[in-house]
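One structure below.
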Amino acid sequence: FKFNEYYKNLRTISSAAEFSFLSYKRKNNLNDLNLAFVNYQKARITTAEFEMARLSNRFNSLSADSSEQVRKYQVLSDKIDELKWSQLNEIISGNKDKIDKSQLFYEINELESKKNNLKINSEPLNKIKNLNDRILNLSEVQKSLSDDQLLVFPAETFSDAPVSVFLISNKKITTLRTTLNASDLRDLGLKLRESLNFNGTSNITDLPKFDLDLSFKIFRELFSDVLNDFKNIKDLIVIPTWPISNLPLAVLVSDDPAKTDYSYDKQSWLGLEKNISYLPSVSDLKMLEKSNNTELFASFIGFDDPELGQKTNNLRGIKFVDIEDDELSKSYQLDLLPSLPSTAEELQAIKNIFSDGKSEIYTQENATEDVIKSKDLSNYNVLLFATHGVIADEWEFLDEAALVMTPPKNTNTVNNDGLLTTSEIRKLNLNADLVVLSACNTASGDNQSDEGLSGLASAFIFAGAKSIMASHWSVE
């Protein structure tokens, strides 16, 4: 893989997008705008977008068998990439001599052979083109939208350049350019998020003051007065690009707070004015079109209130203790987490929505990794996990995001240690219309420099979830 060539091409595409957009602003030529829109899409790819593309390929397959073949092909490709990356990491670490090249090449060739033998209708998968084109032009986007929907695409290229915001309905296209560059806009969003962090508060009077002026400033950067042109729009479909990837747009206010008495109940919260949903990429509008399911409440399975060591706590957060031994640290850390009995009430209320015999709940000693991995989860179209969430590197022994389940009473095993990690989630076989991650900050990027939509969300997408409900803040 030629990294220098890749980044050179990426910068070329990014520059082309900027040039076309600025050309459109000068000449008002729609061909320039369409070219800019296409190139802005080409200039970005995220983990969640990549996984959604792969799910879309399976979802668009002609049959269940062909979908399974595509999944096998993708899993084998991942294993090959893992082997190649492990080799590269050893080289970077100065351990080149420790690499058993003959064994490594043997394993890669074996996987390549298995991958190349996979076929759909006697045609090798490596010769079948992608079943969907990942880039949409403006006209295709408009055709994909209903009368109530508005696509919001804050397209960024370089961190020191302004953001080009596309607001697209099925009848109208409006664009604007932020006064701030992408990096500064992101910093404002991260600053606003600090107002949403109430870990350590014991009552409502301890909550940090929310910065309404900053909220309004970010709203003006993204929308100016343009939303007034779309008053009949009810649904905002947002592409969470890097500048806004860790910012829940629901907490923006659309009117100047200086005109009110600053009481929260009198603010024009965007989340109350519009329904807001997120897509990893513009092209996922195609999948949204095809995934409308009139039987969303057909079958449900939920996992909640894992059996943990500490008494009840109001928040689904975590407590940190530094211990040198990884295995001891894992057991000790899980034992320090508070139980969550209120989640049982949450799931029971949801279960009542579904018909008798069409819903299952696993709680306390039954909310384990073993149970999750033993169930055929493809039979359920709604899944819910109400537990603690842990993001990557928040514990020293954990380098990937995870959901906390009931740990085993005796010895931990790799497959059942009380942590359902992203790598384990990816191996699940789902056919879910909706997965609900009812834990803290499950929508946020895994760290402040990340792309948004956490590793958890990306893992569930690859496993087969067509949509995900996740949180941008702490869950009480």
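FYI, the numbering just counts along the sequence from 1.
- With sequence neighbours excluded, the residues forming a ring-ring contact (aromatic ring centres under 6.0 Å, His included) with F303 are Y362, F385, listed by chain and number.
- Here L285 contributes atom CG and I239 contributes atom CD1; the two are 6.0 Å apart, rounded to the nearest 0.5 Å.
- Of all non-hydrogen atoms in L136 and V282, the two that sit nearest each other are CD1-O, 3.8 Å.
- Side chain of Q142 to backbone of S139: no donor-acceptor contact under 3.5 angstrom is found.
- F219 pairs by the ring-ring contact (aromatic ring centres under 6.0 Å, His included) definition with F223, not counting sequence neighbours.
- Nearest heavy-atom pair, L420 versus M405, reported as atom, atom and distance to 0.1 Å: CB-CG, 4.1 Å.
- Residues E369 and L419 approach most closely at OE1-O, 3.1 Å, considering heavy atoms.
- Checking side-chain atoms of S268 against main-chain N and O of D255 turns up a donor-acceptor pair under 3.5 Å.
- The shortest distance between side-chain heavy atoms of P243 and P154 does not fall below 4.5 Å.
- Between the side chain of S215 and the backbone N or O of V253, at least one donor-acceptor pair lies under 3.5 Å.
- Taking every heavy atom of both residues into account, L247 and Y278 meet most closely at O-OH, 4.2 Å.
- Annotation: the span from N429 atom CG to N379 atom CG amounts to 9.5 Å, rounded to 0.5 Å.
- Across all non-hydrogen atoms, the minimal contact from L347 to A386 is CD1-CB, 3.6 Å.
- A donor-acceptor contact shorter than 3.5 Å links the side chain of S245 to the backbone of W242.
- Side-chain contact, S378 with N431: no donor N or O sits under 3.5 Å from an acceptor N or O.
- F230 pairs by the ring-ring contact (aromatic ring centres under 6.0 Å, His included) definition with nothing, not counting sequence neighbours.
- With rounding to the nearest 0.5 Å, the separation of CG in D235 from CG in N275 is 4.5 Å.
- Counting heavy atoms from C-beta outward, L340 and D304 have side chains that stay 4.5 Å or more apart.
- For D211, there are no side chain to side chain donor-acceptor pair (under 3.5 Å) partners at least two apart in sequence or on another chain.
- Counting only residues at least two apart or on different chains, the salt bridge (Lys or Arg N to Asp or Glu O under 4.0 Å) pairs with a member in residues 214-226 are R220-D225.
- Between the T241 side chain and the A155 main chain, no donor and acceptor come within less than 3.5 Å of each other.
- Side-chain contact between E346 and L384: present, with at least one pair of heavy atoms (C-beta onward) separated by less than 4.5 Å.
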Listing, residues 159-170 side-chain donor-acceptor contacts under 3.5 Å, not counting sequence neighbours, or none:
residue: S164; atom: OG; partner: Y40; partner atom: OH; Å: 2.8
residue: S164; atom: OG; partner: R177; partner atom: NH1; Å: 2.5
residue: S169; atom: OG; partner: K171; partner atom: N; Å: 3.2
residue: S169; atom: OG; partner: K172; partner atom: N; Å: 3.0
residue: S169; atom: OG; partner: K172; partner atom: O; Å: 3.3
residue: N170; atom: ND2; partner: S146; partner atom: O; Å: 3.4
residue: N170; atom: ND2; partner: D147; partner atom: OD1; Å: 2.7

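- With rounding to the nearest 0.5 Å, the separation of CG in L270 from CD1 in I218 is 12.0 Å.
- Every residue was checked against the side chain to side chain donor-acceptor pair (under 3.5 Å) condition with K427, not counting sequence neighbours, and none meets it.
- Every residue two or more places apart in sequence or in another chain was checked for a side chain to side chain donor-acceptor pair (under 3.5 Å) with T174, and none qualifies.
- By the side chain to side chain contact (heavy atoms under 4.5 Å, CB included) test, K25 pairs with F21, T175, sequence neighbours left out.
- Going from atom CG of L30 over to atom CG of L35 covers 12.5 Å, rounded to the nearest 0.5 Å.
- Ring pair W269/F210: centre-to-centre distance below 6.0 Å.
- Within the 3.5 Å criterion, the main-chain N or O of L180 finds a donor-acceptor partner in the side chain of T178.
- Atom NE2 of H388 and atom CG of L403 lie 11.5 Å apart (nearest 0.5 Å).
- V382 places none of its side-chain heavy atoms less than 4.5 Å from the side chain of V435.
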Let me have the donor-acceptor pairs involving side chains of residues 107-114, under 3.5 Å, with sequence neighbours excluded, atom names and distances please.
residue: E107; atom: OE2; partner: Q103; partner atom: NE2; Å: 2.8
residue: N109; atom: ND2; partner: F105; partner atom: O; Å: 3.1

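- Looking at heavy atoms from C-beta onward, T387 lies out of side-chain contact with T343 at the 4.5 angstrom threshold.
- Judged by distance alone, the side chains of S299 and N381 do bring a donor and an acceptor atom under 3.5 Å apart.
- Side-chain atoms of S281 and Q41 include no donor-acceptor pair closer than 3.5 Å.
- Taking a cutoff of 4.0 Å between a charged side-chain nitrogen and a carboxylate oxygen, E424 and K373 qualify as a salt bridge.
- Not counting sequence neighbours, N34 has no partner by the side chain to side chain donor-acceptor pair (under 3.5 Å) test.
- The neighbour count for N232 CG, taken as heavy atoms of other residues, nucleotides or ligands under 6.0 Å away, does not exceed 12.
- Considering only residues two or more places apart in sequence or on other chains, Y24 meets the ring-ring contact (aromatic ring centres under 6.0 Å, His included) condition with none of them.
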